[in-house]
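These notes concern the structure reproduced below.
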Amino acid sequence: MLGASGSGKTVLARTLAGQHFFTGRISGTPGESGDFQGKVLLVEQQHRFKHISNQADFYYQQRYNSYDAGGSITVQENLADYPEKGLNGFHKEELIGLFQLRKLLAEPLIQLSNGENKRLQIVKALLTDHVLLILDQPFTGLDAEGRKRLSGILNQLGERGEQMILITSGRDMPACFKKVALMDEGQIVAQGSPENFQPAASVTPVLPEKFPSRISFQYPDFEYAVRMQQVNVCYDEKFILRSIDWEIKKGACWSLSGPNGAGKSTLLSLITGDNPQAYANEIYLFDRKRGTGESIWDIKQKTGFLSPELHLYFDYAATAYSTIASGLWSTTGLFRTLSEAEHELILEWLDFLNLGQYRNHLLGGLPAGIQRMLLLGRAMVRTPPLLVLDEPCQGLDPEHIEQVKGLIGRYCEIYGATLIFVSHYPEELPACVTRFLRLEKGSAL
């Protein structure tokens, strides 16, 4: 199933899975509406798991606080409640091997990467009684090898008779999917074979003439946004990062790349103030050594941040308005009364991003692509001197991807900002990126 961000793909998927009220009739094997919808399983693009006490109140930094992650059950414990054999002859042990989860069985759920978590959700779905499996953007967050591996797995599932609907951007289309539906404004507007729906060519977005007004935030000058010297991060004697040396001068635009599990998120967490192991290393942020009396706020007020993990743990009950406004204080919700100037600034940003119509909509009720655009606005609203953007184009259609690239490039040009940009797709890099760091198994190449 293809379509632009907000075209209705996920709403249709949730409706088929019985998660939305609807009028009309839905039927299929085994025939009755209730029976059919009860056996439609949807693997969401964003998945929030629960901890031992059956609550879902994890917080973003918790994955880096090893002493505080004990509330998360392990992969093995999460799979224990599922039968040993699913449909189409799949056995649990076979699926664990097929989806490469065996080495992860003892890992807490909260410490899984986006790709690892997605593979686990698919395995659990295959072990649950169902007649139709819907996968919403399963390739998001996967490196090239991971996308290739998942594509091969889905082809094997198709050969074994698994009935599936794939929601995708069109860049990743396994051979087992023989029919395509195109959605636009909540309707299926075209159907056909995959060759009739080639990915849209790159478009040149129409960008606004200027950025919204800038409230007078005062940022001390600096020479280096980041300096790291022989940085190591280790959990339970397992090195996540090893001997990292990295210097990022003011105004430099960097690409940070590497396969899933290479240590990119951990490296970024040292920069954004979310990882306590920064204090055990020689790290300088904005020319000041970590652990010399600065507060987390001193770091976060100078840094605009967006990542899949932040998106996952953000307050889904926040409105579009409060989502962007929370960037003024780097919180995950709006807890203060805005001044008139701040209020006008948020309205300007909503209009700037063409999202004004969503002002009072709850974040959790919006399409994932729209959510991501709002979180990008949150990262930029203070016009911080450093942008740390981890997979900012996840869930976006080609037009929005080009818009994001253009906005980031213009932002860095106008404000002389420093940029760290992470993506598994080289074509998503903004033109301003001229420097590159790649991680492999926690080491810089």
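These numbers were taken from a predicted model, which means no experiment stands behind them.
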Subject >> Least distance between heavy atoms, A444 atom then I244 atom >> reply: N-CD1, 3.7 Å
Original post:
Do side-chain atoms of D172 reach the backbone of T168 as a donor and acceptor pair under 3.5 angstrom?
Top reply: no
**OP:** Would you give the length of the straight line joining atom CD1 of I122 to atom CG of L95, rounded to the nearest 0.5 angstrom?
**Re:** 10.5 Å
**OP:** For E116, check salt bridge (charged side-chain N to carboxylate O under 4.0 Å, His left out) against everything at least two apart and list the hits.
**Re:** none
Subject >> Minimum heavy-atom distance C393-F421, with the two atoms named >> reply: SG-CZ, 4.5 Å
Subject >> Side-chain touch L154/S151, heavy atoms, less than 4.5 angstrom >> reply: no
**OP:** For the pair L41 and V131, evaluate side-chain contact (heavy atoms from CB on, under 4.5 Å) and give the outcome as yes or no after the intermediate values.
**Re:** CA-CA 8 Å; L41 292 184; V131 296; over 6 Å; no
**OP:** For T140, check side-chain hydrogen bond (donor to acceptor under 3.5 Å, both in side chains) against everything at least two apart and list the hits.
**Re:** none
Subject >> Ion pair check, E391 and R372, cut-off under 4.0 Å >> reply: no
Original post:
L374 and A320: which non-hydrogen atoms are nearest, and at how many Å?
Top reply: CD1-CB, 3.6 Å
Original post:
So, K238 side chain and C234 main chain: donor-acceptor pair closer than 3.5 Å or not?
Top reply: no
**OP:** Kindly determine whether L353 and I324 satisfy side-chain contact (heavy atoms from CB on, under 4.5 Å), including the steps that lead there.
**Re:** CA-CA 11 Å; L353 296 171; I324 293 182; 4.2 Å; yes
Original post:
Is the number of heavy atoms from other residues, nucleotides or ligands under 6.0 Å of Q301 CD greater than 12?
Top reply: yes
Original post:
Does atom CZ of R435 have more than 12 heavy-atom neighbours from other groups under 6.0 Å away?
Top reply: no
Original post:
Under the salt bridge (Lys or Arg N to Asp or Glu O under 4.0 Å) rule, what pairs show up with a residue in residues 94-104, not counting sequence neighbours?
Top reply: E93-R102, E94-R160
**OP:** Return the set of residues passing side-chain contact (heavy atoms from CB on, under 4.5 Å) with Q229 (not counting sequence neighbours), or none when no residue passes.
**Re:** R227, D245, E282, Y284
Original post:
Side chains of T332 and D315: is there a donor and an acceptor less than 3.5 Å apart?
Top reply: no
**OP:** Applying side-chain contact (heavy atoms from CB on, under 4.5 Å), name anything that partners S330, two or more places apart in sequence or on another chain.
**Re:** W297, K300
Original post:
Under the 6.0 Å and 45° cation-pi test, does R288 pair with F286?
Top reply: no
Original post:
Rounded to the nearest 0.5 Å, how far does CD of Q191 lie from CZ of F197?
Top reply: 8.0 Å
Original post:
Does the side chain of L439 come within less than 4.5 Å of L445's, by heavy atoms?
Top reply: no
Could you pull out every donor-acceptor pair under 3.5 Å between side chains of residues 180-190 and any protein atom, sequence neighbours left out?
none

**OP:** State whether the side chain of N275 and the backbone N or O of Q277 hold a donor-acceptor pair below 3.5 Å, judged by distance alone.
**Re:** yes
**OP:** Write down the atom of G369, the atom of L396, and the distance for their closest heavy-atom approach.
**Re:** O-CD2, 3.3 Å
Subject >> Non-neighbouring partners of F139 that pass ring pair (Phe, Tyr, Trp, His ring centres under 6.0 Å), sequence neighbours left out >> reply: none
Original post:
salt bridge (Lys or Arg N to Asp or Glu O under 4.0 Å): which pairs involve residues 78-88, sequence neighbours left out?
Top reply: E84-K92
**OP:** Decide yes or no for R438 and P259: does some side-chain heavy atom of the first lie under 4.5 Å from some side-chain heavy atom of the second?
**Re:** yes
Distance-only donor-acceptor hits, side chain of residues 404-420, under 3.5 Å, sequence neighbours excluded:
unit_1: K405; atom_1: NZ; unit_2: E427; atom_2: O; d: 2.8
unit_1: R410; atom_1: NH1; unit_2: P208; atom_2: O; d: 2.3
unit_1: Y411; atom_1: OH; unit_2: P384; atom_2: O; d: 2.8
unit_1: T418; atom_1: OG1; unit_2: G251; atom_2: N; d: 2.8

Original post:
Any donor-acceptor pair under 3.5 Å linking the side chain of T128 with the backbone of K124?
Top reply: yes
Subject >> Those residues that, when tested against D287, pass side-chain hydrogen bond (donor to acceptor under 3.5 Å, both in side chains) (two or more places apart) >> reply: none
Original post:
Closest approach of A13 and I167, non-hydrogen atoms and distance?
Top reply: CB-CD1, 3.7 Å
Subject >> Side chain proximity check, L376 to L389, heavy atoms < 4.5 angstrom >> reply: yes
Original post:
side-chain hydrogen bond (donor to acceptor under 3.5 Å, both in side chains) with H130: which of K39, E162, Q163?
Top reply: E162
Subject >> Under-4.0 Å salt bridge between D390 and K264 >> reply: no
Original post:
Is the closest side-chain heavy-atom distance between P138 and L166 below 4.5 Å?
Top reply: yes
Original post:
Okay, side chain of Q371, backbone of L366: is any donor-acceptor separation there less than 3.5 Å?
Top reply: yes
Original post:
Is the backbone of F99 close enough, under 3.5 Å, to the side chain of R119 for a donor and an acceptor to pair up by distance?
Top reply: yes
**OP:** Report yes if the side chains of L157 and M164 come closer than 4.5 Å at any heavy-atom pair, otherwise no.
**Re:** yes
**OP:** Check whether any side-chain heavy atom of L120 sits under 4.5 Å from a side-chain heavy atom of L109, and report yes or no.
**Re:** yes
**OP:** Classify the side-chain pair Q100/R149 by whether it contains a donor and acceptor separated by less than 3.5 Å.
**Re:** yes
Original post:
Do T15 and I26 have side-chain heavy atoms sitting under 4.5 Å apart?
Top reply: yes
Subject >> Polar side-chain atom of E44 near backbone of L135 as donor-acceptor pair, under 3.5 Å >> reply: no
**OP:** May I ask you to decide if the ring planes of F211 and F352 are parallel, tilted or perpendicular, using 30° and 60° as cut-offs?
**Re:** tilted
Original post:
What do the steps show when you test L285 against F222 for side-chain contact (heavy atoms from CB on, under 4.5 Å), and what is the final call?
Top reply: CA-CA 9 Å; L285 301 179; F222 58 92; over 6 Å; no
Original post:
Taking only residues two or more places apart in sequence, or in another chain, which ones meet T434 in a side-chain contact (heavy atoms from CB on, under 4.5 Å)?
Top reply: none
Original post:
Do side-chain atoms of S7 reach the backbone of A4 as a donor and acceptor pair under 3.5 angstrom?
Top reply: yes
**OP:** Answer yes or no: are there more than 12 heavy-atom neighbours, outside K289 itself, under 6.0 Å from its atom NZ?
**Re:** yes
Subject >> Exercise: identify the closest heavy-atom pair between S169 and L2 >> reply: C-CD2, 4.1 Å
Subject >> Check: T323 side chain, T319 main-chain N or O, donor-acceptor pair, under 3.5 Å >> reply: yes
Original post:
By side-chain contact (heavy atoms from CB on, under 4.5 Å), which residues pair with N260, not counting sequence neighbours?
Top reply: L142, D143, H424
Original post:
Does any donor atom in the side chain of T74 or Q76 lie under 3.5 Å from an acceptor atom in the other side chain?
Top reply: no
Original post:
Is there a donor-acceptor contact under 3.5 Å linking the side chains of N155 and E159?
Top reply: no
Original post:
Step by step, would you call I401 with Y425 a side-chain contact (heavy atoms from CB on, under 4.5 Å)?
Top reply: CA-CA 11 Å; I401 290 174; Y425 294 92; over 6 Å; no
**OP:** Verify, without hydrogens or angle tests, whether R378 (side chain) and T331 (backbone) share a donor-acceptor contact under 3.5 angstrom.
**Re:** yes
Original post:
Does a salt bridge link R147 with E145, judged by any charged N lying under 4.0 Å from a carboxylate O?
Top reply: no
